[in-house]
Amino acid sequence: MGWSQVCDNQWSSNKDDYVKRTLIKHVLASTEYGSTVMVAGWVRTRRDSKGGFSFLEINDGSAFSGLQIIVPGELDNYESDVLRLTIGSAVAVEGELVESPGAGQSVEVHAARVRAFGFADPEEYPLQKKRISFEKLRELAHLRARTNTFGAVARVRNALAYATHKFYQERDFLYLHTPMITSSDAEGAGEMFQVTTLDLAAPPRLDGEVDYSEDFFGKPTYLTVSGQLGAETYALALDRVYTFGPTFRAENSNTRRHLAEFWMIEPEVAFADLADNADLAEDYVRYLFRYILDRCSDDLEFFNKWVDDGLLARLASITDTDFERITYTEAVEVLEKADAEFEYPVNWGADLQSEHERYLTEVAYGKPLIVTDYPADIKAFYMRRNDDGKTVAAMDVLVPSVGEIVGGSQREERHDVLLDSIRAKGLPEEHYWWYLDLRRFGSVPHSGFGLGFGRLVQFATGMQNIRDVIPFPRTPNSAEF
RNA sequence: UCCGGGGUAGCUCAAUCGGCAGAGCAGCGGACUGUUAAUCCGUUGGUUGGGAGUUCAAGUCUCCCCCCCGGAGCCA
């Protein structure tokens, strides 16, 4: 049986086959009144009428809205099952699709059969119809997908992931799987989680030091903090590639914008300079928001109403306006002239602080902003040195509310300059032999960036905390579920 | 990690100067009803995060610890 048949309404009353159901989003869009439909999902609320029937609202996650079921009291299992269907119970319903006389929905189903699957004891079930705080729902991460908010987050996150692949595939980018276990800290992007099979209580030792030659890989290994360097190797053979996978940072970061495990998208393009890179980032981000505005309108309207009332206007403005582009030096000038109090002083050579980034994107320009050409001293070794000798071809995309969402650069393609940077930053050059090889053999200018997928979902939904846009967030002290 | 704010009923919160631990919602019982977070009446429900201390008396004051949230740093 093909998947399309599963989604089709092929249900037969002779067979107890509840796989052949119609997803609620298709039922809600249907106008085939009088037809028989089969639906299944989880009960959101039941209201009983002493007129001898019950209203059942069920949701299967396929749409923001649930489906109203009218259950007549004459059903055999009305007393035994239907009246026990409280919030959280799982149920399947066969019935007739009809136009609804009520105000809250256009269609409803008059049940001919109701099959109760798992009940949910209302004394025990932690979710309730009233609003529960996001903090409490984090403790209920195994159940929170059943709420309006987290169902909507999951659908928008999915749409953004799909749109990401669609965008890059349509542009002939090759999807690349870079390793999650790495033997070097070459990326230099933060503290790393160590991966080992050694007995931590009694590791083998040699001259007092832990003897990693006995470890699984024969040397210390870590979870990756970035797929960039691997992506560069493939871009310098296959022209344009992207990664989309998990990355890990063992930083003790406790903010609404950081996770210890998060997903990142990293495109890398050969024969591309910083301007090409900025064009790609802008096209990509605008493509994503246009996609969800088209495909996730119910979910976004919900977020706009209950989570962030400026969301829809902000998303629409981004799809309609070009991003502003300024250099770091220009940004510093704007900040120095700004009529605002900053906790941290602004001076050329210092990195932009969160408050500076937010001022630029929220106050000074009021839209997404691409800042380029940062001082070399505050940026990574692999970024291409500009002719002024002081700055590098780096770029950050800043958006209102979230701040930095994209960080990227043109990569240093000149072997001697790269080697000089590695030495100047005091990095162990023996770890970079293969990375330097790329500059010895067929080197070309190339560029890429990283986009934090969680921050993208935050921006797209208005959700304040990144822990609420991933199913099971990993943060310091927290790896439940 | 630093700064600040918190932890009280299943949930969201209140509790004045240190003086009998409360409300709404949920649950449960009943009434009513093509309902829409239904409504109305009644009702169950507490080791006030943990530990120690001050006091006649501690949710409240002091100390230690744990956890959560916001901001900062790190960064995506």
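- G50(B) and U8(B) have their P atoms separated by 10 Å, with the value rounded to a whole Å.
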Got a list of side-chain donor-acceptor pairs under 3.5 Å for residues 345-352 of chain A, not counting sequence neighbours?
| residue | atom | partner | partner atom | Å |
| --- | --- | --- | --- | --- |
| Trp348(A) | NE1 | Thr329(A) | OG1 | 2.9 |

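- A heavy-atom distance below 4.5 Å is found between the side chains of Arg249(A) and Phe262(A).
- Here the side chains of Leu127(A) and Ile132(A) are in contact, with some heavy-atom distance below 4.5 Å.
- Summarising the geometry, the separation between CZ on Arg249(A) and P on G73(B) is reported as 16 Å, rounded to the nearest angstrom.
- In this model, a side-chain donor or acceptor of Arg455(A) finds a partner on the base of C75(B) within 3.5 Å.
- Annotated as syn: C17(B), whose glycosidic dihedral is within 90° of 0.
- Each of Pro126(A) and Pro476(A) lies near RNA chain B, and the nucleotide nearest Pro126(A) is the one positioned closer to the 5' end.
- Taking atom C1' in both U62(B) and C20(B), the straight-line distance is 25 Å, to the nearest Å.
- Distance Ile132(A) CD1 to C13(B) P: 12 Å, rounded to the nearest Å.
- Among the nucleotides G73(B), U1(B), C74(B), the one closest to any side-chain atom of His258(A) is C74(B).
- Taking the ring axis of Phe381(A) as reference, the NZ or CZ atom of Lys425(A) does not stay both within 45° of it and closer than 6.0 Å to the ring centre.
- In this structure, Asp279(A) pairs ionically with Arg325(A), as a charged nitrogen and a carboxylate oxygen lie closer than 4.0 Å.
- Spacing of P atoms, A52(B) relative to C11(B), comes out at 25 Å, to the nearest Å.
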Quiz item: Hey, mind stepping through Leu236(A) and His446(A) against side-chain contact (heavy atoms from CB on, under 4.5 Å) and telling me if it holds?
Solution: CA-CA 8 Å; Leu236(A) 293 186; His446(A) 60 289; 3.9 Å; yes
Practice problem: Would you mind building the protein contact string for nucleotides 33-38 of chain B? One character per nucleotide, 5' to 3', B for base within reach (heavy atoms under 4.0 Å), S for sugar-phosphate only, - for untouched. | Solution: BBBBBS
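- Nucleic acid contact for Thr247(A): none, since no nucleic acid atom lies under 4.0 Å from a heavy atom of the residue.
- Residue whose closest nucleotide on RNA chain B sits further toward the 5' end, between Tyr344(A) and Trp263(A): Tyr344(A).
- At the phosphate of G73(B), neither OP1 nor OP2 sits under 4.0 Å from any side-chain N or O atom of Arg257(A).
- With Tyr374(A) as reference, Asp396(A) is the one residue of Thr391(A), Asn386(A), Asp396(A), Thr327(A) to meet the side-chain contact (heavy atoms from CB on, under 4.5 Å) rule.
- In this structure, Leu259(A) places its CG atom 14 Å from C1' of C74(B), rounding to the nearest Å.
- A26(B) atom C1' lies 10 Å from atom CD1 of Ile87(A), rounded to whole Å.
- Across all strands shown, Asn465(A) has heavy atoms under 4.0 Å from sugar-phosphate atoms exclusively, and none from any base.
- Annotation: C28(B) and G10(B) have their C1' atoms spaced 13 Å apart (nearest Å).
- Where RNA chain B pairs in unbroken runs of 3 or more (Watson-Crick or G-U, both distances under 3.5 Å), the stems are B:1-7 with B:66-72, B:10-13 with B:22-25, B:27-31 with B:39-43, B:49-53 with B:61-65.
- Remark: Arg314(A) is positioned above the aromatic ring of Phe459(A), its terminal NZ or CZ atom under 6.0 angstrom from the ring centre and at most 45 degrees off the axis.
- Using a 4.0 Å cutoff on non-hydrogen atoms, no part of residues 273-292 of chain A comes near RNA chain B.
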Polar atom pairs (N or O), protein with nucleotides 42-47 of chain B, under 3.5 Å:
none

Exercise. Could you walk me through whether His165(A) and Tyr175(A) pass the ring-ring contact (aromatic ring centres under 6.0 Å, His included) test, one step at a time?
Key: CA-CA 8 Å; His165(A) 285 296; Tyr175(A) 175 35; 4.8 Å; yes
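- Ring geometry for Phe167(A) versus Tyr284(A): interplanar angle of 30 to 60°, hence tilted.
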What N/O pairs connect the protein and nucleotides 64-67 of chain B at under 3.5 Å? Give each pair on its own line.
| residue | atom | partner | partner atom | Å |
| --- | --- | --- | --- | --- |
| C67(B) | OP1 | Asn477(A) | OD1 | 3.2 |
| C67(B) | OP1 | Asn477(A) | ND2 | 3.3 |

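- One finds a side-chain N or O of Ser354(A) lying less than 4.0 angstrom from the OP1 or OP2 phosphate oxygen of G73(B).
- Of the side-chain N and O atoms in Arg467(A), none sit less than 4.0 angstrom from OP1 or OP2 of C68(B).
- For the pair Arg171(A) and Tyr287(A), the distance from NZ or CZ to the six-membered ring centre is under 6.0 Å and the angle to the ring normal is within 45 degrees.
- In this pair, Phe244(A) and Trp263(A) present their aromatic rings perpendicular. The plane angle is above 60°, beyond the 30 to 60° band.
- Between the side chain of Ser253(A) and the base of C74(B) there is at least one donor-acceptor pair of N/O atoms closer than 3.5 Å.
- For the C1' atoms, the distance linking C56(B) with G18(B) amounts to 12 Å, nearest Å.
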